[in-house]
Amino acid sequence: MSDCLFCKIAAHAIPAYVIYEDDVALAFLDIHPKAPGHTVVIPKVHVAALAGLDGGRVGPLFLAVQRVARMARERLLAEGLTIGINEGRASGQTVEHLHVHVLPRFEKDGGGSIHSVVENPPKESLEAMQKKLRQ
Ligand code: AMP
Ligand code: ZN
């Protein structure tokens, strides 16, 4: 088996607090929760980044994210959610197996929005950025 921690969890070779599983995806509680019910949702196949996941698995992965979102809303009575992926060392990714964080949010929980993650606005115009991205 690969040396990847999340591959081992996907194979049930090491324990985790699994809250949802299907053929493509697995959702388990983050071992260092930043919020009540903080969950990570992974594809069972090993890929480091979203771009590496085959198209047929992207939909099922995000359906699993949606299920976890519903669980947090309905069972934990989350008042909001922050959903995100740390991708690459620059973003703070520490486990190099694609995973989607689902963070249940509550009024006055002390957290910020996704906009507080980085403050590095571009020097070029949005028009120039659009050209660069679409070329
Ligand atoms: P990231 O910075 O996005 O790569 O986050 C990786 C996440 O995995 C962190 O929030 C860790 O707390 C979490 N994590 C690491 N090991 C485990 C584990 N054995 N079970 C559950 N979550 C874990
Ligand atoms: Zn892996």
Side-chain angles (χ1 to χ4, degrees):
M1 184 188 298
S2 113
D3 210 23
C4 170
L5 174 65
F6 285 179
C7 281
K8 287 180 181 157
I9 289 177
H12 298 284
I14 65 169
Y17 293 93
V18 173
I19 62 165
Y20 175 74
E21 179 171 14
D22 60 32
D23 289 347
V24 172
L26 185 77
F28 51 95
L29 297 178
D30 195 293
I31 205 164
H32 298 302
K34 289 296 207 179
H38 180 180
T39 297
V40 286
V41 187
I42 64 169
K44 287 185 169 177
V45 293
H46 180 88
V47 289
L50 186 58
L53 189 63
D54 60 286
R57 287 187 168 88
V58 173
L61 175 67
F62 278 86
L63 276 173
V65 171
Q66 184 191 47
R67 279 178 182 270
V68 170
R70 285 189 176 139
M71 289 159 94
R73 287 279 195 173
E74 290 166 13
R75 297 178 198 165
L76 303 181
L77 303 182
E79 295 169 310
L81 295 164
T82 296
I83 297 171
I85 297 171
N86 290 324
E87 183 173 301
R89 205 184 316 162
S91 78
Q93 183 177 13
T94 59
V95 178
E96 290 183 0
H97 180 129
L98 172 64
H99 51 282
V100 183
H101 290 266
V102 179
L103 291 143
R105 299 296 303 271
F106 297 88
E107 295 293 336
K108 300 194 176 78
D109 64 10
S113 78
I114 282 175
H115 300 85
S116 63
V117 167
V118 65
E119 191 57 52
N120 181 28
K123 291 173 183 54
E124 61 266 70
S125 67
L126 294 181
E127 191 184 2
M129 185 60 71
Q130 181 190 36
K131 278 204 187 101
K132 206 185 268 188
L133 286 165
R134 291 189 65 159
Q135 75 190 353

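For this chain, numbers begin at 1 and follow the sequence in order. Worth saying up front: this structure is predicted, and the values here are computed from it rather than measured. Whatever order the structure lists ligands and atoms in, that order sets their numbers, starting from 1.
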Using 30° and 60° as the class boundaries, would you call the ring planes of Phe28 and Phe6 parallel, tilted or perpendicular? perpendicular
Does the Gln93 side chain pair with the main chain of Gly88, one donor and one acceptor, at a distance under 3.5 Å? yes
Sum up the protein N, O or S atoms located under 2.8 Å from the Zn ion (ligand 2). 4
Does Arg105 use its side chain to pair, donor to acceptor, with the backbone of Gly111 at less than 3.5 Å? yes
Sorted by chain and number, the residues that approach ligand 1 to under 4.0 Å with a heavy atom: Leu5, Phe6, Ile9, Phe28, Leu29, Asp30, Ile31, His32, Asn86, Gly92, Gln93, Thr94, Val95, His99, His101
What's the separation between atom CG in Asp30 and atom CG in Leu103, rounded to the nearest 0.5 Å? 8.0 Å
Output for pair (Phe62 CZ, Ile83 CD1), nearest 0.5 Å, gives 8.5 Å
A quick test of your reading: do over 12 heavy atoms of other residues, nucleotides or ligands sit less than 6.0 Å from OH of Tyr17? no
For residues 38-50, which residue pairs qualify under salt bridge (Lys or Arg N to Asp or Glu O under 4.0 Å), counting only residues two or more places apart or in two chains? Glu21-Lys44
Tell me every residue that passes salt bridge (Lys or Arg N to Asp or Glu O under 4.0 Å) with Arg75, counting only those two or more places apart in sequence or in another chain. none
Between His97 and Pro43 (side chain of the first, backbone of the second, donor and acceptor by atom type, cut-off under 3.5 Å), is there such a pair? yes
